[in-house]
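Take a look at the structure set out below.
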2 protein chains.
Amino acid sequence: MKVPSVQKRLNGQNTKARLLQTTEILFAAKGVAGVTMRGVAQRANTNLASVSYHFGSKEAMVLEMIKSKIEPINATRRKRLAQAKLKHPDNPLTTVQIFRALIRPVGEQVEKELRNQSGILEIISRSFTEPASFLEKVHKRFFGELSQVFMNELKFAHPLANEEDLYWNYHFAVSSMLGALAQHKRICDFSSGRCNENSIQEMIERLIIFVSQGFEAGIKNKK
Amino acid sequence: MKVPSVQKRLNGQNTKARLLQTTEILFAAKGVAGVTMRGVAQRANTNLASVSYHFGSKEAMVLEMIKSKIEPINATRRKRLAQAKLKHPDNPLTTVQIFRALIRPVGEQVEKELRNQSGILEIISRSFTEPASFLEKVHKRFFGELSQVFMNELKFAHPLANEEDLYWNYHFAVSSMLGALAQHKRICDFSSGRCNENSIQEMIERLIIFVSQGFEAGIKNKK
DNA sequence: GTGTTGTTTAAACGATCGTTTGAAAAAAGA
DNA sequence: TCTTTTTTCAAACGATCGTTTAAACAACAC
């Protein structure tokens, strides 16, 4: 075992990155079953066995791809929530402010990646809806703790509210967000072209209003 | 070619029904990929080839199962909407009344099937989120026309509203419903047991409030 | 140069998939 | 009963999947 060389071997890093990028595209388009090791290797211009070499297994590759896409968004979510609290140190945040911190970072990530049609919406929603058991750990790991942070903020914002109501409606809000991300390509068909699926930012802003008002509608005071 | 016999051959109908039921269970639990012809045949106590015999292909079997589960719900949805209109012939329906007609029949179907843990929620949501291209026709066939009916009712209920707002928010409402159905098993984990995933009826009623208020929040008058 | 380490490659393995075949079994009609 | 039709069954086919192996190749240390 030698000390890793200072000089990077860029060849390996390049193919690993290409594999991750191809995994992203295939997973967004076709789900876990659509990510075949042969398909990924071929579209990444490398060999079948390089997937096992770089990641160990298909599951590990998919998990690493998901992690690389979701973790930056979650980091931004936490940051935005903290920033909003700093701006209003005396009052609890409003419902809209809280859900802005949760949902806007998704839209911003889409902006950043608009070069490659950005399958980030599909990746997020598929992470929750794909029936692959190995994805279960994704939820706990990437959304469990984050949900507690946002839930605590919602409790703080609604001190008189029934706790059960808060949980149910936060659950609806998150589910709605995931559902809207998963279904966003249908808006064009469904509205007969009246609404455009490409205006992700407009969707995000509308979605924030939708879930915030839906959330508040279900909150009653403690009895 | 003979005239079909009046006397039914119940044996064939039985295995076909058993295959459909098994398909339902596996599809709800594991999605399209989890419905393997060998798995279905085995759990239905029949032979592998009987699937091809009765349905022609796996896709046809899955589609027939989905059809058998969704069509009755959609029929009830139309009926409830018509009934509500008859009760209030002079005024347009309220947003809540319209979404009640859309969402309540799902909960009622769960009630009807509580014998076999009723994977109907998963079946509906998976029909929209599974990345199987042959499921695309399900959406157009089972939801396209129905959506127009409900959309027209919402337009009638909001005559001054901007049409684009109506489409976007109806899209959110449907996506939220699908998302909530897809994620409903997580409420227990997420709320640390404070909320119960088994009280589907409570979820349905809460969901109606949520999407109705979310919908109305995004509607502005024509400029 | 030689040797070591990291990376790529072609080839094969075992498993599972959906589908098809042809004959046996069961049911229905005559 | 005998004939016909419908249904079941075991077996096999070709395709594709994830993974593994062992050899070839490339980059660096000495």
Side-chain angles (χ1 to χ4, degrees), chain A residues 1-23 25-27 29-66 130-135, chain B residues 1-23 25-27 29-66 130-135:
Chain A
M1 186 68 76
K2 279 292 192 63
V3 173
S5 61
V6 182
Q7 184 77 10
K8 287 185 181 178
R9 295 170 194 263
L10 286 181
N11 216 354
Q13 291 298 323
N14 275 338
T15 68
K16 191 170 181 179
R18 285 202 317 276
L19 286 171
L20 279 177
Q21 189 180 339
T22 308
T23 301
I25 295 172
L26 290 180
F27 180 78
K30 304 276 186 180
V32 180
V35 181
T36 67
M37 309 192 72
R38 286 169 178 82
V40 172
Q42 191 171 348
R43 294 186 55 156
N45 287 317
T46 181
N47 187 268
L48 166 64
S50 62
V51 174
S52 297
Y53 174 75
H54 283 289
F55 301 96
S57 70
K58 170 185 167 179
E59 289 193 5
M61 181 174 64
V62 173
L63 285 176
E64 186 164 331
M65 181 275 293
I66 292 177
E130 278 277 302
S133 56
F134 75 93
L135 285 179
Chain B
M1 187 67 78
K2 282 290 190 67
V3 173
S5 61
V6 183
Q7 184 77 9
K8 287 184 181 178
R9 295 168 195 264
L10 285 180
N11 213 354
Q13 291 297 324
N14 275 338
T15 68
K16 192 171 180 180
R18 287 203 316 275
L19 286 170
L20 279 178
Q21 190 181 339
T22 309
T23 302
I25 295 172
L26 290 179
F27 180 79
K30 303 276 186 180
V32 180
V35 181
T36 67
M37 308 192 74
R38 286 169 179 82
V40 173
Q42 191 171 350
R43 296 186 52 158
N45 286 316
T46 181
N47 187 267
L48 166 63
S50 63
V51 175
S52 298
Y53 173 76
H54 283 288
F55 301 96
S57 70
K58 170 184 167 178
E59 289 192 4
M61 180 173 65
V62 174
L63 285 176
E64 186 164 330
M65 180 276 292
I66 292 177
E130 278 275 303
S133 56
F134 77 93
L135 285 179

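By convention in this document, chain letters (A, B, ...) are assigned in the order of the sequence lines, proteins followed by strands, and residues within each chain are numbered from 1.
Taking side-chain N and O atoms only, A:Thr15 has no distance below 4.0 Å to OP1 or OP2 of C:dT7. Not one side-chain nitrogen or oxygen of B:His54 sits closer than 4.0 Å to the OP1 or OP2 atom of D:dT6.
Applying the salt bridge (Lys or Arg N to Asp or Glu O under 4.0 Å) criterion to A:Glu64, with sequence neighbours excluded, gives A:Lys16.
Contact of the B:Val40 side chain with the B:Leu48 side chain is not registered, since no non-hydrogen atoms from C-beta on lie closer than 4.5 Å. You'll find the side chain of B:Phe55 reaches within 4.5 Å of the side chain of B:Leu20, heavy atoms only.
To the nearest angstrom, C1' of D:dT8 lies 14 Å from CG of B:Asn14. The distance between atom OH of B:Tyr53 and atom P of C:dA25, rounded to the nearest whole Å, is 17 Å. Whole-Å rounding puts the A:Lys16 NZ to C:dG6 C1' distance at 13 Å.
Residues B:His54 and B:Leu19 come closest through the heavy atom pair CD2-CD1, 4.3 Å. The two residues A:Arg43 and A:Leu26 make their nearest non-hydrogen contact at NH1-CD2, 3.7 Å. The minimum heavy-atom distance between B:Met61 and B:Val35, with the atom names listed, is CE-CG1, 4.3 Å. The two residues A:Ala60 and A:Ser57 come nearest to each other via the heavy atoms N-OG, 3.2 Å.
Panel note: side chain A:Lys58, backbone A:Met37; no donor-acceptor pair is recorded below 3.5 Å.
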Between protein and nucleotides 18-22 of chain C, what N or O pairs are separated by less than 3.5 Å?
residue	atom	partner	partner atom	Å
C:dG18	OP1	B:Val35	O	3.3
C:dG18	OP1	B:Lys58	NZ	2.8
C:dG18	OP2	B:Met37	N	2.9
C:dG18	N7	B:Arg38	NH1	2.7
C:dG18	O6	B:Arg38	NH2	2.5
C:dT19	OP2	B:Lys58	N	3.0

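In the helix from C:dG1-D:dC30 to C:dA30-D:dT1, the rotation axis of the first five pairs and that of the last five pairs differ in direction by 0°, rounded to 10 degrees.
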